[in-house]
Amino acid sequence: MGFGDQRFTVNLSILFTELPLLERPAAAAAAGFGAVELWWPWTDAPVPERAALDGLKRAVEDAGVRLTGLNFYAGRLPGPDRGVLSVPGEESDRFRANVEVAAGFAESLGCTALNALYGNRVEGVDPAEQDALALENLTLAARAADRIGAVLLVEALNGPESPRYPLVSAPAAVAVVDRVNEATGLGNAKFLMDLYHLAMNGEDLPEVIERFAARTGHVQIADSPGRGAPGTGSLPLEELLDRLRKAGYDGRVGLEYKPGDRPSAESFDWLPREAR
């Protein structure tokens with residue numbers, strides 16, 4: 001096995017960002033990829049103008065790539081925010097306003113995975129209050145995802161880079177997945193296993209794979225340290241992805257790494273073109 005046996009999707013919110021948003025799908029296609037994923041592209045607009053949505057939809061379709069994953073509105077990302085669904089007040093309201101918009105956009109492109117970032121802890125707010133709000137909003141999101149035949153993804157981030165984010169281990173994120181599935185009865189909430197974040201947390205990655213591969217709805221990778229392309233750090237990513245396959249994960253692998261000081265198109269030399 002190896003990288004050539006995986007199916008990859010390129011995250012256009014971290015790769016090809018040297019280009020305008022609407023040029024990135026075509027750039028990914030020119031680099032040999034047939035699938036892309038995105039964070040919510042409009043960081044200041046949970047409900048953007050129809051023209052913005054239509055323009056991005058056209059860019060994806062014209063490039064001939066498939067949108068395989070989309071984040072719900074998550075605040076300023078990249079930036080200080082790590083999602084907003086557990087943040088009381090205006091930001092939680094913005095998340096709710098975005099749910100049907102994001103689900104509708106995903107449905108229009110056949111995208112069947114929606115990622116909901118949990119949000120940072122807020123000083124002066126009871127964590128239990130934030131967790132109750134999170135469950136309420138994740139339940140809303142899971143039902144919207146179910147209506148379009150999609151899974152809802154819950155992601156663990158890493159403590160060093162996201163110190164106020166409460167889900168900084170695989171078990172913590174999977175526990176939230178369980179609570180959402182229990183609340184909805186739908187079973188469409190899944191774990192987003194980002195091997196970079198888990199490695200930064202010091203988790204035993206083979207053990208995480210063994211325990212949670214069956215609960216995993218999507219996988220993302222970057223090397224560690226540095227969050228660069230495979231081969232720039234010390235993670236045995238090829239071996240880890242092989243373990244995932246053997247454990248039963250047969251979905252795509254999101255490339256969510258920083259290209260470094262070179263154009264994104266030059267950062268794929270680790271992956272033969274015929275394997276993209």
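Predicted, not measured: the structure shown is a model, and the values here were computed from it.
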Are a donor atom and an acceptor atom from the side chains of Asn201 and Asn158 found within less than 3.5 Å of each other? no

Ion pair check, Arg82 and Glu155, cut-off under 4.0 Å: no

Considering only Ile, Leu, Val, Met, Phe, Trp and Tyr, and joining two whenever side-chain heavy atoms are under 4.5 Å apart, list the other residues clustered with Leu133. none

State, yes or no, whether a side-chain contact exists between Leu241 and Leu195 at a heavy-atom distance under 4.5 Å. yes

What closest approach, in Å, do Asp44 and Arg94 show between heavy atoms, and which atom pair accounts for it? O-NH2, 3.3 Å

Hydrophobic cluster identity match, Val151 and Tyr118, side-chain contacts under 4.5 Å: no

Within one Ile-Leu-Val-Met-Phe-Trp-Tyr cluster: Met193 and Tyr249, side-chain cutoff 4.5 Å: yes

Please report the interatomic distance CG(Leu198) to CG(Leu157), rounded to the nearest 0.5 Å. 9.5 Å

State, with a plain yes or no, whether a side-chain heavy atom of Leu205 is found less than 4.5 Å away from one of Leu235. yes

What's the shortest heavy-atom distance between Ser92 and Leu85, and which atoms? OG-O, 4.2 Å

According to a 4.5 Å side-chain heavy-atom criterion applied to Ile, Leu, Val, Met, Phe, Trp and Tyr, with indirect links allowed, do Val154 and Leu38 form part of one hydrophobic cluster? yes

Test side chain to side chain contact (heavy atoms under 4.5 Å, CB included) on Ile221 and Tyr257; report intermediate values, then the result. CA-CA 7 Å; Ile221 63 168; Tyr257 61 76; 5.5 Å; no

Is Val60 reachable from Ile14 through a run of hydrophobic residues whose side-chain heavy atoms are each under 4.5 Å from the next? yes

Might you point out which heavy atoms bring Arg66 and Gly110 nearest each other, and give the distance in Å? NH2-O, 3.5 Å

Salt bridge present between Asp62 and Arg58 (N-O < 4.0 angstrom): no

Could you please spell out the steps behind the side chain to side chain contact (heavy atoms under 4.5 Å, CB included) verdict for Leu244 and Val253? CA-CA 10 Å; Leu244 269 161; Val253 175; over 6 Å; no

Check Asp131 with Arg121, please: is the shortest side-chain N to carboxylate O separation under 4.0 Å? yes

Side-chain contact test, heavy atoms from C-beta onward, threshold under 4.5 Å: evaluate it for Leu117 versus Trp40 and give yes or no. no

With a 4.5 Å cut-off on side-chain heavy atoms, are Arg276 and Phe8 touching? no

Given side chains that start at C-beta, do those of Leu67 and Val36 come closer than 4.5 Å, heavy atoms only? yes

Got a second to check how far Thr9's OG1 is from Glu256's CD, nearest 0.5 Å? 10.5 Å

Between Phe72 and Phe95 (judged by ring centroids, cut-off 6.0 Å), do the two rings come close enough to count as a pair? yes

State yes or no: do Val122 and Leu135 share one hydrophobic cluster built from I, L, V, M, F, W and Y residues joined by side-chain heavy-atom distances below 4.5 Å, directly or via other members? no

Kindly indicate whether the side chain of Glu238, heavy atoms from C-beta on, has any atom under 4.5 Å from the side chain of Pro230. no

With a 6.0 Å cut-off (strictly less than), is the heavy-atom count around CD of Glu23, excluding the residue itself, greater than 12? yes

Side chain to side chain contact (heavy atoms under 4.5 Å, CB included) assessment of Glu203 paired with His197: CA-CA 9 Å; Glu203 294 188 63; His197 288 307; over 6 Å; no

On a heavy-atom basis, the closest approach of Ala170 and Ala156 is N-CB, 4.4 Å

Would you mind reporting whether Tyr73 and Glu91 have side-chain heavy atoms less than 4.5 Å apart? yes

Could you check whether Arg147 pairs with Glu100 (Lys NZ or Arg NE/NH1/NH2 to Asp/Glu carboxylate O, under 4.0 Å)? yes

Shortest non-hydrogen pair, Val177 vs Ala189, comes out as CG1-O, 3.2 Å

Do Gln220 and Asn11 touch side chain to side chain, with heavy atoms closer than 4.5 Å? yes

Output the distance between atom CG (Asp5) and atom CG (Asp242), rounded to the nearest 0.5 Å. 7.0 Å

Side chains of Glu18 and Ser264, donor plus acceptor under 3.5 Å: yes

Run the side chain to side chain contact (heavy atoms under 4.5 Å, CB included) test on Leu114 and Ile148 for me, step by step, so that the C-alpha distance in whole Å, both residues' side-chain angles and the decisive distance to 0.1 Å come before the verdict. CA-CA 10 Å; Leu114 290 161; Ile148 68 165; 4.0 Å; yes

How close do Asp223 and Gly233 get, heavy atom to heavy atom, and via which atoms? OD2-N, 2.9 Å

